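Start at 1 with the first residue, then count along the sequence. In this text the structure is predicted, and so the values were computed from the model without any measurement. We use all heavy atoms of the structure for the numbers below, so side chains are in, but hydrogens, waters and symmetry mates are not.
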Amino acid sequence: ELCEKASEISGESIRIANFLCNGNYAVSGSSKACDVVADIAKPDFKARMTVKLAVAGAFHTEFMAPAVPTLEKVLASIEI
């Protein structure tokens, strides 16, 4: 629900990236959508806190899907 609302408000995509433990999860999306999550999580969804994590990329999410065809071609040309 939180990600859906943040997507709606920001006009950009955001999704749950990882369920960490009961009630804790990481989300991945555009910076704008992540900012909206941080803005609305506490007042509208009763979150205790939000923490913006510095990451190198969304490697474990569907946001990397556009890179798959190119990566497949490169990997197919490499002999192991």
Problem set entry | Check: Ser7 side chain, Glu4 main-chain N or O, donor-acceptor pair, under 3.5 Å | no
Exercise. Who pairs with Lys46 by salt bridge (charged side-chain N to carboxylate O under 4.0 Å, His left out), at least two apart in sequence or on another chain?
Worked result: none
Exercise. Does Ile80 belong to the same Ile/Leu/Val/Met/Phe/Trp/Tyr cluster as Leu75, with side-chain heavy atoms less than 4.5 Å apart forming each link?
Worked result: no
Exercise. Taking atom OG of Ser28 and atom CE of Met64, what is their separation to the nearest 0.5 Å?
Worked result: 10.0 Å
For this session: For residues Val37 and Thr50, report the shortest heavy-atom separation together with the two atoms involved.
Result: O-CG2, 4.5 Å
Exercise. Arg15 and Cys3: which non-hydrogen atoms are nearest, and at how many Å?
Worked result: C-SG, 3.9 Å
Exercise. What residues form a side chain to side chain donor-acceptor pair (under 3.5 Å) with Glu8, not counting sequence neighbours?
Worked result: none
For this session: Give a yes or no on whether Phe19 and Phe45 share a hydrophobic cluster (residues Ile, Leu, Val, Met, Phe, Trp, Tyr; joining criterion: side-chain heavy atoms under 4.5 Å apart).
Result: yes
Exercise. Measuring from Leu2:CG to Ile16:CD1, what's the distance to the nearest 0.5 Å?
Worked result: 8.0 Å
Seminar exercise, completed: Partner of Lys5 under side-chain contact (heavy atoms from CB on, under 4.5 Å), picked from Ile40, Ile14, Asp44, is Ile40
Seminar exercise, completed: Of all heavy-atom pairs linking Pro66 and Pro69, the shortest is O-CD, 3.5 Å
For this session: Using side chain to side chain contact (heavy atoms under 4.5 Å, CB included) as the criterion, list what pairs up with Asn22, not counting sequence neighbours.
Result: none
Exercise. Between Lys42 and Met49, which heavy-atom pair has the shortest distance, and what is it?
Worked result: CE-CA, 3.8 Å
Seminar exercise, completed: Correct closest heavy-atom pair for Ala33 and Glu12 would be CB-O, 4.0 Å
